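Read the structure below first, then the notes.
Since this is a predicted model, take the numbers as computed values, not measurements. Proteins come first, then strands; the chains are lettered A, B, ... in the order of their sequence lines, and each starts at number 1.
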There are 2 protein chains.
Amino acid sequence: MTDGVAERSRPRDRILETAQDMFHKHGIKGVGVDAITEAAGTNKMTLYRHFESKDELVIECLRATAAKASRIWDEFEARHPGDKLAQLHAWVQKASELLSADSRGCDMANAAVELTETDHPARRVIKELKEAQREKLVALCRDAGIGQAELLADTLSLLLEGARVSMQSVGAEGPSAQFVRMAESLIASFRAR
Amino acid sequence: MTDGVAERSRPRDRILETAQDMFHKHGIKGVGVDAITEAAGTNKMTLYRHFESKDELVIECLRATAAKASRIWDEFEARHPGDKLAQLHAWVQKASELLSADSRGCDMANAAVELTETDHPARRVIKELKEAQREKLVALCRDAGIGQAELLADTLSLLLEGARVSMQSVGAEGPSAQFVRMAESLIASFRAR
DNA sequence: TCTGGAAGTTACAGACCGGTAACACCCTAG
DNA sequence: CTAGGGTGTTACCGGTCTGTAACTTCCAGA
């Protein structure tokens, strides 16, 4: 049967895509490799021929997710070429849209919550990817002409991260409902300084 | 052997305390009931005589955690009786202290991330407890004489929630390092309106 | 048409999981 | 001293987990 994953792509790609989706929805420890391969229309042996372990698969999924996020940033630049302030507003808008569309939050943050072993191989990858995203937002704020760019970027980061996790515990009608308002008035106040 | 849990309390109390600690450190799905009972210096049968299932134990742990948090709020009132603004600053201070002391974040939010089944019995408890905490912070902001009390409370909530989860993915040197500064300047700007 | 590698199949190992049954023990209240 | 409830012990159930072995099937390219 088809599972939403294109049937005629290569097994490795199907596994990666299916795993991303299932890890996102059910958590990492909430999904077994058997379930992934079945949903991907393949089998366990094929998974282990392409990924040396479940942990390795998790890491590849996180990288893929980060790559998708990166493509969204490209859209900002494409839609508002050179206009960094407009891109920052677009970031807020897009973040809000993703919040409404999906209540399971950020895969990397969720993974960090689930994978508690301090030496888990995925942890350093999570940290690297999150740091890269932070750098990007700081650069965007700075290039948008904001003075305390790091502080604004970090505040926006925490707001979004908080909105994503709040969504999962109290739902969409909780504090996260006001995210856009908070972010926009924050940007305004930083621009006024 | 002793495990930090008082040896001469009742088994039920030892189990509850140990489970809280282990769920907090290693996550819910990362700890088995065997490990809990062993660390609590008792056995599985005794656990199941006091709690009808692991899920039920999880719920009791969350309630206990919320009760501890509630006691912290009592301290605010005790230390700054009647002075709600001082209590709000104390809230910021205390939040920051807890952030520094422990990088595993909020048990309820973490549980919400781990327990993805929408009908999991713990989810409604999490929602109730989180909503109660929200109410408290809103009331504190309002009683401190702040106009848009709900908005400030929700913004502070998201900042703290974000700081707690950011801590787990990027560490203490990430955006969460600026939490106090963000919170205080936010309070100041709300007071100025 | 032949061949070699990728993919599928089945079965299994070994560990862990939540939860239960049956029974022995101990300690305290009467 | 005795009875009984709380507790400890051991063994087990059925299920799930990650990961592997051995074998078969399929299909594309030479």
Starting at CG of A/L47 and ending at P of D/dA21, how long is that distance when rounded to a whole Å? 16 Å
Are the side chains of B/Y48 and B/V33 in contact, using a 4.5 Å heavy-atom criterion? yes
Rounded distance (Å) that lies between atom C1' of D/dC12 and atom CG of B/N43: 15 Å
Is the shortest side-chain N/O distance from A/T46 to OP1 or OP2 of C/dG8 below 4.0 Å? yes
Specify the separation, in whole Å, of atom CG of B/D13 and atom C1' of D/dG6. 14 Å
What's the CD-P distance between A/E38 and D/dT16, to the nearest Å? 12 Å
Regarding A/H24 and A/D102, do their side chains bring together a donor and an acceptor under 3.5 Å, going by distance alone? yes
Between B/S70 and B/K136: side-chain donor-acceptor atoms closer than 3.5 Å: yes
Between A/K25 and A/D21, is a salt bridge (Lys or Arg N to Asp or Glu O under 4.0 Å) present by the stated rule, with each step listed? CA-CA 6 Å; A/K25 284 181 188 153; A/D21 183 55; 3.0 Å; yes
With sugar-phosphate taken as primed atoms, P, OP1 and OP2 and all else as base, the protein-contact string of nucleotides 16-23 of chain C at under 4.0 Å (heavy atoms; B, S, -) is -SBBBBB-
With sequence neighbours excluded, residues passing salt bridge (Lys or Arg N to Asp or Glu O under 4.0 Å) with A/E128: A/R124
Below 4.0 Å: OP1/OP2 of D/dG6 and any side-chain N or O of B/H50: no
Side-chain touch A/E161/A/C106, heavy atoms, less than 4.5 angstrom: yes
Take the protein atom CZ of B/R10 and the nucleotide atom P of C/dT28, then report the distance between them rounded to whole Å. 12 Å
